[in-house]
Peer 1: 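Could you have a look at this structure, given as structure tokens, before my questions?
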Protein chains: 2
Amino acid sequence: MDDQTDQTRKPRADAVRNRERVLEAAKLVFNAGGSEASLEAVAKRAGVGIGTLYRHFPTREALFEAVYRREVEQLSELAEQLKNAKDPVEALRRWLRSGVEFVATKKGMMAALALAVQSGSELHAFSFERLTKAIGSLLDRAVAAGEMRADINPEDLLRAFFGMCYVHDQPGWQATALRLLDVFVDGLRVQAAMKARPRAIAKPGKKVAKQKR
Amino acid sequence: MDDQTDQTRKPRADAVRNRERVLEAAKLVFNAGGSEASLEAVAKRAGVGIGTLYRHFPTREALFEAVYRREVEQLSELAEQLKNAKDPVEALRRWLRSGVEFVATKKGMMAALALAVQSGSELHAFSFERLTKAIGSLLDRAVAAGEMRADINPEDLLRAFFGMCYVHDQPGWQATALRLLDVFVDGLRVQAAMKARPRAIAKPGKKVAKQKR
DNA sequence: TGTTAAGCGGAGGCCGCCTCCGTATCTTCG
DNA sequence: CGAAGATACGGAGGCGGCCTCCGCTTAACA
């Protein structure tokens, strides 16, 4: 009555219910069994036929995206909050660390991030845009404050973050990821870059111009 | 006559030949089609049965390792050479950049590296040890010269490297990887870390102690 | 309650992984 | 050289996952 702009039928109750069931099952299965769990297993767990699963989520990726949408949104909102922090570099660091925790908690999260990062899959739009924007806002502030080098774009950072978390099923991966991210953030500071290679920073327009952004 | 310590039979000629054929075919197929090409395709290209392939290389990983052994060795030797360079930090940077080129040239190289990095697969020994040692030697020199922070171990660096290259089939990945690696190396410098978070460096024994190394 | 279209589900085709074993081929030794 | 025995070959076949397709079911609407 309220959100039906067209004179379309009301969606069938069983369809809605099944969609929800599949999502729930997928969440359980992915978080437990990692990202390459079989979709048949998800369907079985949801108590629906494999055909139903595929109708609601035509691709594996679509299912991932749906399952981890909420998490991506949370990360995005966290960035929003951190924008008000005093130290912009520290804010970015904090966000990245939170990202590590997210990955640690939800085993399937990496698959969702992979989706966002790899951009091959046509409809990676949602997560990519959300996360890129989140990072971008933190990055911009740090750059504007003159605390960070300007030749790294949000996509780069997202990819680096993903890369550092890549080994997320190694024993000590979490500590490793945090250490690596610290190093990376340190490297992002303007002072670091200037000390290391003064010329690289001196003419910032040159190297950057060649990228797509 | 020379390399047979036991009184074992001479290996059969056809076996040797087939092994070589499979390796050759695998190289072609992996470099072209990426890392998840079907092993049946490799067998067909080599003109051998699938059974033969599996006898020589019981797992997909074993085949990867065999195919990219030479490349890993080259990278390792490059590190050896770079040890004589003047600036140890620059030497490390150079090595990492060379790594990117390797990945760019041989498409299947990433799979071999994944194998080395992930340590799950029992026999990842060779590549892992080789690359870890290579990085370690470069790292140690830089640390000894007081130019780099001491709380990053070779495994960490290898993983970071791998992570930065992860998106190796994106359009502009190479430039991205190089940029990210630059940032990372800058972050490794002692000055960067001290400027950023003086206390983290002041007592180096604390945080590091908890790792396995 | 009847009509109708949206939705269900699983059989089945395809493909890749991997094993197993009957057959072919090579090495060795007399 | 020829026979015997060891070694390797190769592909059929079982398994399991991916995905599609279509006859049947069932909810929505009048």
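On a predicted model such as this, the values are computed, not experimentally measured, just so you know. Each chain gets a letter, A, B and so on, in the order its sequence line appears, and its residues count up from 1.
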Peer 1: In this structure, how many angstroms lie between the P atom of dG10(D) and the CG atom of L53(B), rounded?
Peer 2: 11 Å

Peer 1: Nearest whole Å is fine: how far is dC18(C) P from L39(B) CG?
Peer 2: 7 Å

Peer 1: Mind calculating the distance between CD (E61(B)) and C1' (dC17(C)) to the nearest angstrom?
Peer 2: 12 Å

Peer 1: Find the distance R19(A):CZ to dA27(D):C1' and express it as a whole number of Å.
Peer 2: 19 Å

Peer 1: What is the distance from CD of E36(A) to C1' of dC17(C), rounded to the nearest Å?
Peer 2: 15 Å

Peer 1: Could you check whether any side-chain N or O of R21(B) sits under 3.5 Å from a backbone N or O of A46(B), counting only pairs where one atom can act as donor and the other as acceptor?
Peer 2: yes

Peer 1: Can you tell me which nucleotide in dC18(C), dT25(C), dA27(D) comes closest to the side chain of D14(B)?
Peer 2: dT25(C)

Peer 1: Ignoring the backbone of R12(A), work out which of dA27(D), dC8(C), dG10(D) is nearest its side chain.
Peer 2: dA27(D)

Peer 1: Any base atoms under 4.0 Å from R60(A), or only sugar-phosphate, or nothing? Heavy atoms, all strands.
Peer 2: sugar-phosphate

Peer 1: Do F30(A) and S35(A) have side chains that get closer than 4.5 Å, going by heavy atoms?
Peer 2: no

Peer 1: Less than 4.0 angstrom between a side-chain N/O of R9(A) and OP1 or OP2 of dC29(D), yes or no?
Peer 2: no

Peer 1: May I have the distance from Y54(B) (atom OH) to dT19(C) (atom C1'), rounded to whole angstrom?
Peer 2: 10 Å

Peer 1: Nearest whole angstrom, please: distance from the P of dA8(D) to the NZ of K10(B).
Peer 2: 14 Å

Peer 1: For F126(B), does the six-membered ring have the charged nitrogen or CZ of R69(B) within the cation-pi criterion, i.e. under 6.0 angstrom from the centroid and within 45° of the normal?
Peer 2: yes

Peer 1: When all nucleic acid strands are considered with a 4.0 Å heavy-atom cut-off, which category describes S38(B): base, sugar-phosphate, or nothing?
Peer 2: sugar-phosphate

Peer 1: Distance check needed: dC21(C) P versus I50(B) CD1, whole Å only.
Peer 2: 18 Å

Peer 1: Check this for me: E101(B), atom CD, are more than 12 non-hydrogen atoms of other residues, nucleotides or ligands nearer than 6.0 Å?
Peer 2: no

Peer 1: According to a strict under-4.0 Å criterion, is H56(B) in side-chain N/O contact with OP1 or OP2 of dA8(D)?
Peer 2: no

Peer 1: Reckon T52(A) has a side-chain N or O less than 4.0 Å from the OP1 or OP2 of dG7(C)?
Peer 2: no

Peer 1: G47(A) or E40(B): which one's nearest nucleotide on DNA chain C is closer to the 5' end?
Peer 2: G47(A)

Peer 1: Between N18(B) and dC9(D), is there a contact of a side-chain N or O with OP1 or OP2 at under 4.0 Å?
Peer 2: yes

Peer 1: Are the side chains of R97(A) and R93(A) in touch, meaning some heavy atoms are under 4.5 Å apart?
Peer 2: yes

